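Comments concern the structure below.
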Amino acid sequence: MECQVAAAGQGSVEAEELLAFFRCRRLPYLDRVGPQEAKLPPDNLLEQWRRDRQALAATVFEQFPGERIGPGNEALLAAMAGGAERIYGGQIAAELVWESEEDAQFYSVWVSSSLDLLIRDPTLVGRSRRAAQSSYLPVHIRIGKRPKPEYELVLALQAELLGSLQGNVPKQGILILKDGKWHPVHLSRRRAQVRQLLQEYLHSLSQPEPPQVFMARSRCHLCHWREHCRQLNATAQPLSLLPGVTGSRYPLLQEAGIDSIEALANAQLDRLQAIPKLGSGVALQLQLQARATLSRQPLWIQSPPQTLPTTPVELYFDIEADPRHNVAYLLGLLVVEQAEGKKVANYHSCLAAEPREERQAWEQFLQLAQRYPDAPIYHFHGFEVQTCRRLGEQYRTDPRQVRLLLQRFVDLHAWVQRSVVLPIESYSLKNIARWLGFQWRLPDANGAQSIYWYSQWLETRERRYLEHSLIYNEDDCRATHRLKDWLSQSGVLHNSFGQNELTKVACPQP
Ligand code: SF4
C-alpha cells in the first residue's frame, strides 16, 4: 500500500478526515488508499447515530428557521452578503497558509468542511451594519451528551475557514448537543491544535505506509477497518494483540528488546520486572499471558485454590441498556435449578417495551430474584451492579432490599481476573465463552447491535427487533452459566500457582 498523496507541507483535506485523524492516526490514511474490499459496511449503530444527528438538525431548523443553501463558497457568500440571520447547510472551502514554528516550514492546505449552521455574530449587534452582516459564528450539531475535544476542533477549523471568507476568525463557536441546548465554546485554544493536526496529517499522508497504531477497544470496535487492522496486527506485530500489552506498554517492551510473544514468554522474569515504568506486577501478568497464549492452555494464578459455590438454585443475570433512550430495557435472568440430579434452566425476561416501563421491568426483576432468596446471582463485569444501584435510587427501592440483592451478586469477570490467565485476545464474555465452545445463536450480535435493535423497535414497531434482543440477552445469560460451570469444574481440578511457578490444567477443547 502506498499513499504519498501529499507532499509534506501541501495537500487538500476535508474536515471529517481531520476528525478521523484525531481519533486514529491510521483511519483516514486507510480511507484514502486502503484496500476498499477489506472495509466492513458501516455499523448499524453508527448509521443510527447519523440519522439521530439529522433528526436533531431538523428539529433545530424547525425551532430556529433560516436560509438553507447548497454547497460552494458562492452560495455561502451570497447568503452572508444578504445578512441572513441563520444559514443552514452548505459547504465552505478555503486555503489555509501558515509557517510552522516547529519545523520552520510553510504549509498550504486546501480545507473543506460541511456546515451545519452559521449564525450572525450576536456580539456585533449595534456595530456597523456591514460588519454585523458579514460576521458569522459556526454552529456544530452533534448527538453527544457533553462537549468533546473533537467537536471543538471541528468548530475551530470552521472558524479558520470562515476567517478566510469574512476577514475575521470567530473567537467563539456553538455546539448544539443531544439535550438541544446551545453550548458556547471558546476557540482560541483550539486554533494552534488544528494547525498542528493538519501538519501531522499532511506528514502522515506523505509516508509510504499507514501509521502503526494500537488497536484499542473503545476506538476500534465500530471502525470499518477493524478486521483489516486486526489481521495486519496478528501477522506483523502479534505482541500488540496480547491482552495487557497496551499502547504505552508496547514501546517499553520493544525498547527492552521484547518484540514477540515468544520473547516475552521466555524472558527472565527479573529482567522483565526491571523494565522502567512497567511495574513488577504487570511484568508478571504479561509473561503469564504470553505463556498461556503460546501453550494455548489456561494458567491458574490463584493460590490457594477456591471453588465457586454450587447451590441448588443459581441465577444468571444480564442487562441490555440503550443509552440513546437512557433506559435499561431488558433485565434477563436465567434460573438454573438442580432437580433429581438434573439441571433445569429457565430464562425470564423483564422487559421495558417502552422506556417508560423501566420501573415495571425493575420491579418484576426484584420479585423474581426475591423468589430465590438464597440463590447467588452470577453476572459478568460491573455493569449489572451499577445499573441495579441506579435503578434502586431512581425508583426509590428500599435501600436494604437493594443492599441484600447486591450482596448476592458474583462477578465472574473479577473471578476470572484473579484466578486464571486464558489464551485469548480479550477478556470479554464473548471471547471467553467462545473459547469454551459456547455459540451465540445470532453470531454477529453485540452490545452495539442490541442498542440498535431497541431503537429500531421503538421506531418501526417490528417485533423481530425485540426478539433479537431477547435471544441475545438469553444467550449472554447462558454464556455466563457456561463460564461459571467451567470455573467450578476447573477449580476442583486446578493446581495452585505460586513462587513464579507456572502450572497448567486440561481445559475443555474449544
Ligand atoms: S480499526 Fe482501529 S486502528 Fe484500525 S483504522 Fe480503525 S480505529 Fe484505527
Side-chain angles (χ1 to χ4, degrees), residues 1-6 11 13-50 53 142-144 148-154 157 193-194 196-254 259-261 293 323 424-428 430-431 434 443-449 451-452:
M1 183 185 338
E2 191 146 321
C3 187
Q4 290 182 322
V5 292
V13 170
E14 285 177 17
E16 283 301 317
E17 284 180 87
L18 200 64
L19 200 56
F21 185 71
F22 180 71
R23 290 178 181 143
C24 168
R25 297 305 201 238
R26 188 184 182 99
L27 175 52
Y29 190 108
L30 289 178
D31 279 345
R32 282 203 181 199
V33 291
Q36 297 303 304
E37 68 283 359
K39 200 168 157 180
L40 298 171
D43 188 273
N44 282 333
L45 190 60
L46 288 182
E47 284 295 292
Q48 182 73 57
W49 287 343
R50 191 182 54 74
R53 191 168 161 230
R142 304 299 298 208
I143 53 156
K148 290 185 185 170
E150 60 243 55
Y151 303 162
E152 297 184 4
L153 279 171
V154 171
L157 182 65
Q193 200 181 355
V194 162
Q196 179 68 30
L197 258 188
L198 280 168
Q199 282 171 211
E200 287 175 19
Y201 183 41
L202 289 179
H203 178 72
S204 134
L205 291 180
S206 69
Q207 301 302 306
E209 290 294 330
Q212 285 206 350
V213 288
F214 248 78
M215 294 195 71
R217 199 189 168 280
S218 55
R219 185 182 55 206
C220 302
H221 81 293
L222 293 178
C223 176
H224 45 252
W225 292 108
R226 61 187 179 276
E227 276 307 314
H228 174 74
C229 287
R230 210 199 67 76
Q231 278 170 21
L232 275 183
N233 280 22
T235 328
Q237 43 180 25
L239 181 61
S240 70
L241 294 179
L242 200 74
V245 177
T246 59
S248 56
R249 289 172 186 166
Y250 186 68
L252 298 179
L253 291 171
Q254 290 213 307
D259 56 3
S260 68
I261 297 177
T293 300
I424 52 178
E425 274 186 15
S426 90
Y427 286 76
S428 66
K430 297 279 170 315
N431 260 346
R434 280 198 179 119
D444 297 329
N446 55 42
Q449 278 288 101
I451 297 170
Y452 169 75

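What you see below is based on every heavy atom in this structure, not just the backbone, and it leaves out hydrogens, waters and symmetry mates. Order of appearance sets the numbers: ligands from 1, and atoms from 1 within every ligand. In this text the structure is predicted, and so the values were computed from the model without any measurement.
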- Within 45 degrees of the axis of the six-membered ring of Phe21 and under 6.0 Å from its centre: does Arg25 put its NZ or CZ there?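 The answer is yes; both the distance and angle limits are met.
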Could you check [atom] against the protein and tell me its nearest heavy-atom contact, residue, atom and distance included?
atom                    : value
atom 6 (Fe) of ligand 1 : Cys223 SG, 2.3 Å
atom 2 (Fe) of ligand 1 : Cys220 SG, 2.3 Å
atom 4 (Fe) of ligand 1 : Cys229 SG, 2.3 Å

- Where ligand 1 meets Val213 - atom numbers and elements under 4.0 angstrom, heavy-atom basis: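 Within the 4.0 Å cut-off of Val213, ligand 1 contributes 3 (S).
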- Task: Could you tell me which atoms of ligand 1, counted from 1 in the order shown, lie closer than 4.0 angstrom to a heavy atom of Arg226?
- Result: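 Answer, ordered by atom number: 1 (S).
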- Looking only at non-hydrogen atoms, find the nearest pair between Pro211 and Arg26 and report the distance.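 Residues Pro211 and Arg26, closest heavy atoms: O-NH1, 3.0 Å.
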- From Cys24, does some N, O or S atom reach closer than 2.8 Å to atom 8 (Fe) of ligand 1?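 Within the cut-off used here (under 2.8 Å), Cys24 does place an N, O or S atom near atom 8 (Fe) of ligand 1.
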- Query: Hey, does the side chain of Asp43 reach the backbone of Leu222 with a donor-acceptor pair shorter than 3.5 angstrom?
  - Reply: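 Such a contact is absent between Asp43 side chain and Leu222 backbone.
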- Message: Keeping Arg226 on the side-chain end and Cys223 on the backbone end, is there a donor-acceptor pair under 3.5 Å?
- Response: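 At least one qualifying donor-acceptor pair exists.
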- Query: Do His224 and Asp31 have side-chain atoms, one donor and one acceptor, less than 3.5 Å apart?
  - Reply: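 Side chains of His224 and Asp31: pair found under 3.5 Å.
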